[in-house]
Amino acid sequence: MERKNAWLSYTEAEEKEMEAVALSYRHFLDEGKTERECVSRIVKEAEDAGYVSLEEKLSSGEKIKAGDKIYTVGMKKILSLFHIGEEPLEKGMNILGAHIDSPRLDIKQNPLYEDSDLAYLDTHYYGGVKKYQWVALPLALHGVVVKKDGAVVEVNIGEAEEDPVLYITDLLIHLSGKQLQKKAAEVIEGENMDILVGSRPLKEVADEKKKEAVKENILKILNDKYGMEEEDFLSAELEIVPAGRARECGLDRSMIAAYGQDDRVCAYTSFLAMLEMEAPKRTSCCLLTDKEEIGSVGATGMQSNFFENSVAELLEGMCAYSELALRRTLRNSRMLSSDVSAGFDPAYADAFEKKNAAFLGRGIVLNKFTGSRGKSGSNDANAEYVAAVRKIFDDHEIAFQTAELGKVDVGGGGTIAYIAALYGMEVIDSGVAVLSMHAPWEVTSKADIYEAKKAYKAFLLDA
């Protein structure tokens, strides 16, 4: 059941539309390298498209009705958008669920130190990373510093052309004999992933023969630029990400290479699909979560009550809330867990079972299940639901393929699908194939991004 390459079917007009989607997506990646930045960018675009916050809608005293466009935000890191349909909410929603966090390095709470006239920031990696991939790369610092008076200072260093970049050093090849004998997981240890941030001593401090003059210079720079003191690291959320803009990849410009495509490629195409909805029959929903890379935990992860609470508030705003109505709304909903899949890489063919692998350029990927070993930790979609989704995609001429996450017993992974399925709703994973997933730079196909956007719109229309 080999699927055709989607590129072979495009008209000139479709190729033009695909390129427009790819360009918009690249801009999103450039501006959204953290979950906070993603939420901020999407809220702005949503408001421009007529969405209003749930708080604003409820405070107006107006009853929520068909046609309303509403969004909710939790702690600036999790977001849901609703386009209210004609049918009662209790009959369910069509939901696109993705996540906007990505593997990275987090700055610790007491991070800044000096050693041998070099200043460093101590880090703790977030999510599943191959640590050796993060050394000897230009890196950027994104995030916020919150001061004791509640003032929030946004930090972004390393992205502008005139900005300095940050760096994690590696051992030179000439002295790496012992290092190269280690297993890949041990070549770079987590506690050694410290960020080089300076080497210039503050002259006044050095002249007074005080120690740590380089560290003092870094603190002076942070204070001059952000009004930040060393103790402000205690209440900061600062993330280290690869520096640089998303780029077209390949001599044919057919792909995109960028940081954070897992899972922002599905998040942004889901959002684009929402923007194209007009007068939906069933309520359309786009849910963009945090913390998926570490188990969907915490107040902004899928395991929190954020989504359930948002739906309860919607029902209340419709004068239709009851506990039973909430349960029925969630149970009767249908969802695409919009998350990426592993693209087949012929350089590492032994990790894949080729008949059941996803290929770049062959369209959006349906994963009936994920998990590991014996499908552990997986949502396994019902055959009836898979058939329904197949029909929607075929009816709308969407290029799609099916896949598993590598060979049985080779590895595994998960998404938010199993958590949403706990409500009793139908859920299946559906996303874009990615090469080098979780690496500082990942690769996707423009064709797959385009097909994902079309597929998500088709699902919102007909599920």
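Residue numbers count from 1 along this sequence.
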Worksheet, complete the sentence: Exactly one of Val197, Ile195, Val165, Val155 clears side chain to side chain contact (heavy atoms under 4.5 Å, CB included) with Leu141, and that residue is Val155
Discussion item. I'd like to know if the side chain of Ser235 reaches the main chain of Val146, judged simply by a donor and an acceptor atom lying under 3.5 Å from each other, with no hydrogens or angles considered.
Written reply: yes
Worksheet, complete the sentence: Heavy atoms of Phe307 and Cys285 approach each other most closely as CE1-SG, 3.7 Å
Worksheet item: Going from CH2 on Trp441 to CD1 on Ile256, what distance comes out if it is rounded to the nearest 0.5 angstrom?
Response: 11.5 Å
Item to complete: For the pair Glu35 (side chain) and Asp101 (backbone), establish whether a donor and an acceptor sit closer than 3.5 Å, ignoring hydrogens and angles.
Response: no
Worksheet entry | NZ/NE/NH1/NH2 to OD/OE distance under 4.0 Å, Glu45 and Arg41 | yes
Worksheet item: How about Glu15: does its CD atom have over 12 heavy atoms from other parts shown lying under 6.0 Å from it?
Response: yes
Worksheet item: Any side-chain heavy-atom pair from Asn5 and Leu8 closer than 4.5 angstrom?
Response: yes
Item to complete: For the pair Lys57 (side chain) and Leu314 (backbone), establish whether a donor and an acceptor sit closer than 3.5 Å, ignoring hydrogens and angles.
Response: no
Discussion item. For Tyr51 together with Tyr71, are the ring centres under 6.0 Å from each other?
Written reply: no
Worksheet item: Does Leu121 offer a backbone N or O that forms a donor-acceptor pair with the side chain of Lys108 under 3.5 Å?
Response: no
Worksheet item: For Phe359, is the NZ or CZ atom of Arg3 found under 6.0 angstrom from the centre of its six-membered ring and inside 45 degrees of the ring axis?
Response: no
Worksheet item: Would you find a donor on one side and an acceptor on the other, under 3.5 Å apart, between the side chain of Ser40 and the backbone of Arg36?
Response: no
Worksheet item: Backbone N or O of Gly361 within a donor-acceptor pair of the Asp448 side chain at under 3.5 Å?
Response: yes
Item to complete: Give a yes or no answer on whether the side chain of Ser176 reaches the backbone of Leu171 with a donor-acceptor pair at less than 3.5 Å.
Response: yes
Worksheet item: Does a salt bridge link Lys76 with Glu237, judged by any charged N lying under 4.0 Å from a carboxylate O?
Response: no
Worksheet item: Are Glu19 and Lys446 close enough for a salt bridge, meaning some N to O gap below 4.0 Å?
Response: yes
Worksheet item: Are the aromatic rings of Tyr10 and Tyr450 close, with centres under 6.0 Å apart?
Response: yes
